[in-house]
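Order of listing sets the numbers, starting from 1, for every ligand and every atom in it. FYI, the numbering just counts along the sequence from 1.
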Amino acid sequence: MSHDPEHVSQLPTEPTGMPVRDAIARRVSCRAYQSKPVPEPQLMQILEAARLAPSACNQQPWRFAVVRDLDLRRRIVEDGFLPGIKMAWAIDAPVHVVVGMERSFVTHRLAASVSGVDYPWVDIGIAGEHLVLAATELGLGTCWIGWIKPRVVARIVGWPASVKPAVVITVGYPCDPDAAAPPASRRKPLAELVRWL
Ligand SMILES: Cc1cc2nc3c(=O)[nH]c(=O)nc-3n(C[C@H](O)[C@H](O)[C@H](O)COP(=O)(O)O)c2cc1C
């Protein structure tokens, strides 16, 4: 195990009072944000939660661009989102975390071509949800946004061609912190989803 301070997790180790099950139950897509900025230690904490996610062959294909600059956020929304869904609200989210994917040759191209499983998308989903649940624990709202133009977003955040934006996750303090969590009735019943063997 490495003792290099660079590699020591910055996540608090003391209990925070919000069990994972509560974060899961409370999380809801937030589409109305206060302008209040998110303190950097909180951003570090949610990024750290994403960094600790598991990934196929520990390839860690995720990359993150943390966009706080208003002009850049505006460009992401106005130029980097696809048309057809009203998402102007996202400009008001004080932080956009662009989650990008950098594919490796062996795991992501060679192994994936044998198994047919597109591993980095799985990995990105796990890391993104770690980030979202950690944000929920801190009282932050989030919304996944997948209706994007990856090439345009990559240009806006200055990523090289090897990094492809997968999603944008908006982060900030919700206008309505007591917004109801998604009722279980909006989800398919387990009976429809699970096969017990
Ligand atoms: C991969 C992914 C992409 C999504 N893309 C968008 C999007 O482009 N715009 C949007 O407003 N919401 C988007 N959402 C949010 C979903 O609409 C939302 O999670 C779903 O309706 C369930 O509602 P809840 O998050 O409030 O429980 C996305 C969610 C995921 C996981």
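Under a 4.0 Å N-O distance rule, the pair Glu192/Arg187 does not qualify as a salt bridge.
Under a hydrophobic clustering in which Ile, Leu, Val, Met, Phe, Trp and Tyr are joined whenever their side-chain heavy atoms come within less than 4.5 Å, directly or via other members, Phe81 and Tyr33 fall into the same cluster. In the hydrophobic clustering of ILVMFWY residues, with side-chain heavy atoms under 4.5 Å counting as a link, Val98 and Trp89 come out together.
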Return a table of N or O atom pairs, ligand 1 on one side and protein on the other, at distances under 3.5 Å, rounded to 0.1 Å.
{"residue": "ligand 1", "atom": "5 (N)", "partner": "Trp144", "partner atom": "O", "Å": "3.4"}
{"residue": "ligand 1", "atom": "5 (N)", "partner": "Gly146", "partner atom": "N", "Å": "2.9"}
{"residue": "ligand 1", "atom": "8 (O)", "partner": "Gly146", "partner atom": "N", "Å": "3.2"}
{"residue": "ligand 1", "atom": "8 (O)", "partner": "Trp147", "partner atom": "N", "Å": "3.2"}
{"residue": "ligand 1", "atom": "11 (O)", "partner": "Arg31", "partner atom": "NE", "Å": "3.0"}
{"residue": "ligand 1", "atom": "11 (O)", "partner": "Arg31", "partner atom": "NH2", "Å": "3.3"}
{"residue": "ligand 1", "atom": "12 (N)", "partner": "Arg31", "partner atom": "NH2", "Å": "3.0"}
{"residue": "ligand 1", "atom": "12 (N)", "partner": "Trp144", "partner atom": "O", "Å": "3.4"}
{"residue": "ligand 1", "atom": "14 (N)", "partner": "Trp144", "partner atom": "O", "Å": "3.0"}
{"residue": "ligand 1", "atom": "17 (O)", "partner": "Arg31", "partner atom": "NH2", "Å": "3.4"}
{"residue": "ligand 1", "atom": "19 (O)", "partner": "Ser29", "partner atom": "OG", "Å": "3.4"}
{"residue": "ligand 1", "atom": "23 (O)", "partner": "Arg186", "partner atom": "NH2", "Å": "3.0"}
{"residue": "ligand 1", "atom": "25 (O)", "partner": "Arg27", "partner atom": "NH1", "Å": "2.9"}
{"residue": "ligand 1", "atom": "25 (O)", "partner": "Arg27", "partner atom": "NH2", "Å": "3.2"}
{"residue": "ligand 1", "atom": "25 (O)", "partner": "Ser29", "partner atom": "N", "Å": "3.4"}
{"residue": "ligand 1", "atom": "25 (O)", "partner": "Ser29", "partner atom": "OG", "Å": "2.5"}
{"residue": "ligand 1", "atom": "26 (O)", "partner": "Ser29", "partner atom": "N", "Å": "2.9"}
{"residue": "ligand 1", "atom": "27 (O)", "partner": "Arg27", "partner atom": "NH2", "Å": "2.8"}
{"residue": "ligand 1", "atom": "27 (O)", "partner": "Arg187", "partner atom": "NH2", "Å": "2.7"}

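Judged purely by atom type and a 3.5 angstrom limit, His96 has no side-chain atom pairing as donor or acceptor with the backbone of Thr170.
Lys149 NZ: more than 12 foreign heavy atoms inside a 6.0 Å radius.
Applying the side chain to side chain contact (heavy atoms under 4.5 Å, CB included) test to Ile91 and every residue at least two apart in sequence or in another chain returns Leu70, Arg74, Val77, Glu78.
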